[in-house]
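To start, the structure under review is shown below, and the notes come after it.
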Amino acid sequence: MTRKAHILLVDDNPAENLILSGLIRKVDSIDIELHYCRTMDSAIAFLLSGKPVSMVLLDNLVHPLGDFRETVPALRHQGFIGPIGVISSSPGDPYFQNLEAYGADFRIDKSEIDPTAIEFILREYLPEE
């Protein structure tokens, strides 16, 4: 039986949704449904809707709130307890050293996202069903 995962991508650039969608289609060991929100308001509304979300992948900068130090706590404040990964083109910035203090579980460089990385992240952070 194939595992099922519901990923919520929060990114204000719709091109990132297209890129991630294409990469996810190449993961065959996990049945992944990708949900996309362009704003924090729509992401919070999606979380409150009761639709299943296994994991949130969050762009580091989502306007108008700012970087993960503001956006991750906003998602946690809504009661989301699942894994949150921060996607950034510069994950080596010093402020990422306190990632967990803001409620995020991991960070990944945009250039490192490929089907193998997606599968690894899901196996690492989602419990066996």
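Just the heavy atoms: all of them, side chains too, but no hydrogens, waters or symmetry mates, feed the values below.
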Can you pull out every side-chain hydrogen bond (donor to acceptor under 3.5 Å, both in side chains) where at least one residue sits in residues 34-43? Sequence neighbours excluded, please.
H6-H35, T39-S42

Identify, with sequence neighbours excluded, every residue that meets ring-ring contact (aromatic ring centres under 6.0 Å, His included) alongside Y125.
F106

Report yes or no: does D59 contribute a side-chain atom to a donor-acceptor pair with the main-chain N or O of V10 at less than 3.5 Å?
no

Is the shortest heavy-atom distance from the side chain of I84 to the side chain of F68 under 4.5 Å?
no

Answer yes or no: is there a side-chain heavy-atom contact under 4.5 Å between L122 and I7?
yes

Taken to the nearest 0.5 Å, the spacing of L57 CG from L8 CG works out to 8.5 Å

With sequence neighbours excluded, give me every side-chain hydrogen bond (donor to acceptor under 3.5 Å, both in side chains) pair touching residues 65-87.
D67-R69, R76-D105

Tell me, which pairs form a salt bridge (charged side-chain N to carboxylate O under 4.0 Å, His left out) where one or both residues lie in residues 114-125, sequence neighbours left out?
E119-R123

With sequence neighbours left out, what residues match P115 under side-chain contact (heavy atoms from CB on, under 4.5 Å)?
L23, K26, V27

Pairwise side-chain hydrogen bond (donor to acceptor under 3.5 Å, both in side chains) hits with a residue in residues 9-19, at least two apart
none

Flag side-chain contact, heavy atom, 4.5 Å: V86 against Y102:
no

Looking only at heavy atoms, the pair that brings S54 and P83 closest together is O-CD, 3.3 Å

Does any non-hydrogen side-chain atom of I30 lie less than 4.5 Å from one of I118?
no

Is any side-chain heavy atom of I44 closer than 4.5 Å to one of L75?
yes

Side chains of V72 and L99 in contact at under 4.5 Å (non-hydrogen atoms):
no

